[in-house]
Trainee: 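Got a structure here, written out as structure tokens. Questions coming.
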Amino acid sequence: MTKKAIIALLFFMLSFQTLIVEAVSPGDSTQTIGPRTYNLELSRWNVYNDGTHPIETTNGINKALQWSSEQGYQIFKVPTGKYLISKGNKPNDPQAQINMVSNMTFLLDDLAIIQKETNGYENYRTLYVGYGVNNATIKGGTYQGDRETHTYSRKDTVGSAGTHEFGSGISAEGAYNLTIDGVKTINFTGDGITIAGSIVGISGTYGKDYIYGDIDGSGKFINSTSKIRPKIAMDFTNPNYKGRKYFAFEQPQGVMSNNYDVFFYNSAGTYLSSVKQVRFGIDLVQIPQDAKSFYPVFSSNSIAKFFVKLFSNDVSRNVTIKNSELAFNRRQGISLVGVDGIEISNNKIHDIKGTAPQYGIDSEAGGFFPNNNLTIINNHFYNNKGGDIVFADGDTASISNNLFESEKGVYIYKAFPNTVIKNNTFNNGGLTMGGTGTADLNKFSNAEVNLNATSNTLTNATFINSNLNLNNTDPFGSKVENITMTNTDSSVFTSLNVGNHPVHLSNITIQGSTKLSTLGGKGTAQSIYDNVYVQDYNAYNGTTLPAGTYNNCKFSSTTKESVGLSINQSGKYAFNNCSFNALGKIFTMNSLYGVPDITFNNSNFNISKDVGYAAAIYVQGANQLSILNSTFTAKNLTLNNTPYIKIGSLGGATKPTQVKSFTFRNSTIITNKALHGINSMDAGTGAPAYTISNNIFQVAKLILKTNDIKNKNEELSQ
């Protein structure tokens with residue numbers, strides 16, 4: 001290297017070092033690559049870290065935070081200690097909270113505590129991320145409320161003490177690209193974290209400002225007797241629109257539809273675009289970049305009664321809450337009150353208790369904001385009094401790989417459709433799906449699952465000492481496949497209940513007895529049960545089957561039977577290629593709650609001991625019973641004084657018949673004792689001729705009333 005080159009290199013290095021020194025302020029870290037960090041200088045900003053001087057500390061942090069933003073820092077680091085945040089002079093006092101800034105990470109030392117000063121306000125915020133504050137990260141440390149010392153008796157301006165349920169740890173309103181990482185929010189009078197929308201009122205408009213008329217697809221005015229539009233265009237000159245991207249009409253009166261249309265125009269009045277079928281209270285309307293004015297179109301047949309409010313609403317967008325702990329808050333762990341796109345992952349959310357709703361996560365925007373696109377993954381919920389998750393309103397969510405251990409698990413209302421619930425574990429609590437969605441690969445222990453929506457799919461689930469209730473509101477709204485249900489004791493009242501609308505179940509296995517009917521409910525003639533296997537059902541009190549068609553089913557009992565399987569209500573029952581195994585009682589059929597219509601085809605029946613009370617199949621009432629192409633066996637009998645199949649009640653020969661039709665065809669009864677294979681002697685007065693034809697009776701005997709039709713039956717001694 002030449003001497004001249006060496007001198008040039010030394011000059012460059014010296015200049016670069018000077019630049020580094022000049023770039024570092026007294027509060028900087030020594031890093032020169034990556035985000036610039038400002039280490040909070042307590043004395044410079046009059047901030048106290050000993051839990052005193054709340055006003056000075058709050059003001060100092062906010063001034064330092066604003067200054068560091070202006071200086072271009074990206075990380076604001078708060079050292080260890082307790083920082084007391086002022087209670088302020090009024091509810092939600094903006095001077096009594098940490099006001100977050102854009103493009104900044106607010107980083108607490110692991111031992112740093114942000115403590116809200118004891119107060120008596122129903123509403124307060126400890127750290128606030130307001131509208132227009134974007135790309136912010138809140139990381140580390142503890143945010144602690146005044147729950148234990150709060151003055152709950154303090155009254156507001158109208159003389160009411162209120163519920164004091166709105167004191168929050170971290171609160172965001174309309175924030176974009178917000179991350180909350182590794183924080184602890186505890187002991188707040190309301191929520192640990194509130195993620196909400198931002199609302200600014202624009203105006204109210206009355207019918208006098210409208211005329212009858214619609215707008216076509218090219219933006220031209222057209223006549224209408226059922227649609228109304230403003231007399232003159234609305235524009236975006238109101239200062240409340242400044243910096244905002246969305247609006248919405250709310251609280252309509254005098255409308256015939258919950259939807260409206262919006263048509264946009266540029267500064268020259270040229271049509272730009274439209275948004276159709278906007279839903280009141282659910283959808284927001286995005287303002288196109290070149291739009292200067294717009295016309296809304298509403299459905300109304302009474303201009304005189306029409307009124308609607310216009311707001312510039314927006315929601316928080318692209319939010320992440322992760323690696324955090326939310327605990328011992330009175331109202332919620334996390335409230336979602338206006339958000340589009342949030343991931344809540346790897347958190348512990350527990351011990352939420354004090355004032356309703358008391359959930360770990362609550363999605364509930366109350367008709368002012370949408371809650372859309374929620375992802376809840378890898379969280380642990382426990383000891384939350386209201387429950388772990390409630391979705392009151394919104395659209396589209398994924399709940400996966402979570403552990404739910406509160407007494408109430410996940411509750412999804414009808415107003416929240418399109419939820420996917422996958423690979424979660426529910427201990428003690430359960431799942432209620434009132435909104436449409438799918439549940440796959442979930443495990444339930446000591447839990448209750450309710451499918452109540454127009455359309456739900458439950459697949460590949462494992463139930464232990466848990467029950468499933470199908471109360472879909474539309475035909476075939478519940479589709480259930482590949483379910484295993486195991487009862488290890490008799491503490492569970494029932495395993496599977498079918499409601500009053502058709503369902504399709506397939507590949508269902510239920511093992512172990514229950515207190516009441518193991519498989520039950522009303523069912524319908526249209527319901528389909530494919531490959532249902534029920535082992536050790538409640539045979540003593542009876543397992544009353546729901547109506548429908550059973551294909552390739554298996555029912556077996558190895559416990560003491562009194563009733564066995566039961567059919568005792570109106571409806572059509574069909575059993576195809578099914579098998580039934582019991583000690584001595586397989587079926588009891590009667591018309592206790594309606595007269596059933598029953599058909600067995602290609603099915604097998606077997607008892608392993610002596611026949612139980614009255615008969616192995618005791619038929620006391622049916623509109624019709626047909627048994628076709630089936631086989632009945634009893635090869636371990638020690639007694640022969642009780643029939644295999646009995647038509648009519650014991651001593652019922654002199655009573656009016658309850659069995660209107662009976663057909664037994666192309667079937668076989670095989671026994672090792674000469675008991676009555678079929679006995680119709682007690683069918684009752686007025687009993688029609690029953691048809692018993694083309695059957696084989698091996699050892700078993702036929703004892704039939706005189707008018708029964710016997711045709712081509714074989715009675716074999718061995």
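Worth saying up front: this structure is predicted, and the values here are computed from it rather than measured.
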Trainee: Please examine the side chains of Ile421 and Asn442, heavy atoms only from C-beta on, and report whether any two atoms are closer than 4.5 Å.
Mentor: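 A side-chain contact exists here, since the closest heavy-atom pair is under 4.5 Å.
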Trainee: Ring centres under 6.0 Å, that's the criterion: do Tyr265 and Tyr295 meet it?
Mentor: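 Centroid distance Tyr265-Tyr295: below 6.0 Å, so yes.
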Trainee: Of all the heavy-atom pairs spanning Gly132 and Ser102, show the shortest one and how long it is.
Mentor: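 Where Gly132 meets Ser102 most closely, the heavy atoms are O-OG, 3.3 Å.
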Trainee: Which atom pairs, donor and acceptor, lie under 3.5 Å between side-chain atoms of residues 194-201 and protein residues at least two apart or in another chain?
Mentor:
{"from": "Thr194", "atom 1": "OG1", "to": "Asp191", "atom 2": "OD2", "distance (Å)": "2.8"}
{"from": "Ser198", "atom 1": "OG", "to": "Arg244", "atom 2": "NH1", "distance (Å)": "3.3"}
{"from": "Ser198", "atom 1": "OG", "to": "Arg244", "atom 2": "NH2", "distance (Å)": "3.0"}

Trainee: State, to 0.1 Å, how close Asp474 and His501 come at their nearest heavy-atom pair, and which atoms those are.
Mentor: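 Minimum heavy-atom separation between Asp474 and His501: O-CB, 4.0 Å.
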Trainee: Looking at Tyr246, does the NZ or CZ of Arg317 lie under 6.0 angstrom from its six-membered ring centre and within 45 degrees of the ring axis?
Mentor: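 Pair Arg317/Tyr246 counts as cation-pi.
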Trainee: Among side-chain atoms of Asn372 and Asp395, is any donor-acceptor pair under 3.5 angstrom?
Mentor: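 On atom types as modelled, these side chains do not qualify, holding no pair under 3.5 Å.
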Trainee: Can you find a heavy atom in the side chain of Thr189 that is under 4.5 Å from one in the side chain of Arg331?
Mentor: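 No, too far: nothing below the 4.5 Å cut-off.
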Trainee: Determine, using ring centers only, whether Phe311 and Phe247 are less than 6.0 Å apart.
Mentor: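 So the answer is no for these two rings.
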Trainee: Would you say the side chains of Ser335 and Asp362 form a donor-acceptor pair under 3.5 Å?
Mentor: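 The criterion, which ignores hydrogens and geometry beyond distance, is not satisfied for Asp362 and Ser335.
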Trainee: Assess the side chains of Asp440 and Thr438: does a donor N or O sit below 3.5 Å from an acceptor N or O?
Mentor: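 No, no side-chain donor-acceptor pair sits under 3.5 Å.
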Trainee: Could you tell me whether the side chains of Gln97 and Arg125 share a donor-acceptor contact shorter than 3.5 Å?
Mentor: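 Arg125 and Gln97 do have a side-chain donor-acceptor pair below 3.5 Å.
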Trainee: Which donor-acceptor pairs under 3.5 Å do the side chains of residues 221-228 make with protein atoms, sequence neighbours left out?
Mentor:
{"from": "Ser224", "atom 1": "OG", "to": "Ser226", "atom 2": "N", "distance (Å)": "3.2"}
{"from": "Ser224", "atom 1": "OG", "to": "Lys227", "atom 2": "N", "distance (Å)": "3.0"}

Trainee: Determine the sole option in Phe368, Phe298, Phe306 for which the ring-ring contact (aromatic ring centres under 6.0 Å, His included) test with Phe249 is passed.
Mentor: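 Considering Phe368, Phe298, Phe306, a ring-ring contact (aromatic ring centres under 6.0 Å, His included) with Phe249 is found only for Phe298.
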Trainee: If you measure only the distance, is there a donor-acceptor pair under 3.5 Å linking the side chains of Asn469 and Asn450?
Mentor: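 Side chains of Asn469 and Asn450: pair found under 3.5 Å.
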Trainee: Here's a test for you: under side-chain contact (heavy atoms from CB on, under 4.5 Å), which of Thr137, Ile170, Ile61 qualifies with Phe106?
Mentor: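 The side-chain contact (heavy atoms from CB on, under 4.5 Å) with Phe106 is passed solely by Ile61 among Thr137, Ile170, Ile61.
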Trainee: Is it the case that Asn507 and Asn482 place a side-chain donor and acceptor less than 3.5 Å from each other?
Mentor: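 The criterion, which ignores hydrogens and geometry beyond distance, is satisfied for Asn482 and Asn507.
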Trainee: Walk me through whether Asp209 and Lys231 qualify under salt bridge (Lys or Arg N to Asp or Glu O under 4.0 Å).
Mentor: CA-CA 6 Å; Asp209 301 317; Lys231 294 178 180 177; over 6 Å; no
Trainee: Does CD belonging to Glu70 count more than 12 external heavy atoms closer than 6.0 Å?
Mentor: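 Yes, because the 6.0 Å sphere around CD of Glu70 holds more than 12 heavy atoms from other groups.
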Trainee: Less than 4.5 Å apart, any side-chain heavy atom of Tyr529 and any of Val498?
Mentor: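 Touching, per the 4.5 Å side-chain cut-off.
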Trainee: Any luck finding a side-chain donor-acceptor pair between Tyr359 and Asp388 under 3.5 Å?
Mentor: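 No donor-acceptor contact under 3.5 Å links the two side chains.
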Trainee: Looking only at non-hydrogen atoms, find the nearest pair between Gln277 and Asp283 and report the distance.
Mentor: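 Smallest interatomic distance, heavy atoms only, reads O-OD2, 4.0 Å.
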Trainee: Distance alone, cut at 3.5 Å: any donor-acceptor contact between the side chains of Tyr128 and Asn92?
Mentor: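 Looking only at side-chain atoms, Asn92 and Tyr128 do not form any donor-acceptor pair under 3.5 Å.
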Trainee: Test Asn134 against Asn177 for side-chain hydrogen bond (donor to acceptor under 3.5 Å, both in side chains), laying out the working first.
Mentor: CA-CA 6 Å; Asn134 302 324; Asn177 306 321; over 6 Å; no
Trainee: State whether a side-chain donor-acceptor pair under 3.5 Å links Asp216 with Ser218.
Mentor: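 There is such a pair between these side chains.
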Trainee: Could you check whether atom NZ of Lys408 has more than 12 heavy atoms from other residues, nucleotides or ligands sitting under 6.0 Å from it?
Mentor: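 12 or below, so no.
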Trainee: Relative to the ring of Phe76, is the ring of Tyr38 parallel (under 30°), tilted (30 to 60°) or perpendicular (over 60°)?
Mentor: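 Geometry flag for Phe76 against Tyr38: tilted rings.
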Trainee: Mind checking whether Tyr271 and Phe263 have parallel, tilted or perpendicular rings, split at 30° and 60°?
Mentor: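 Rings of Tyr271 and Phe263: tilted, as their planes differ by 30° to 60°.
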Trainee: OH of Tyr206: more than 12 outside heavy atoms within 6.0 angstrom?
Mentor: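 Count not over threshold, so no.
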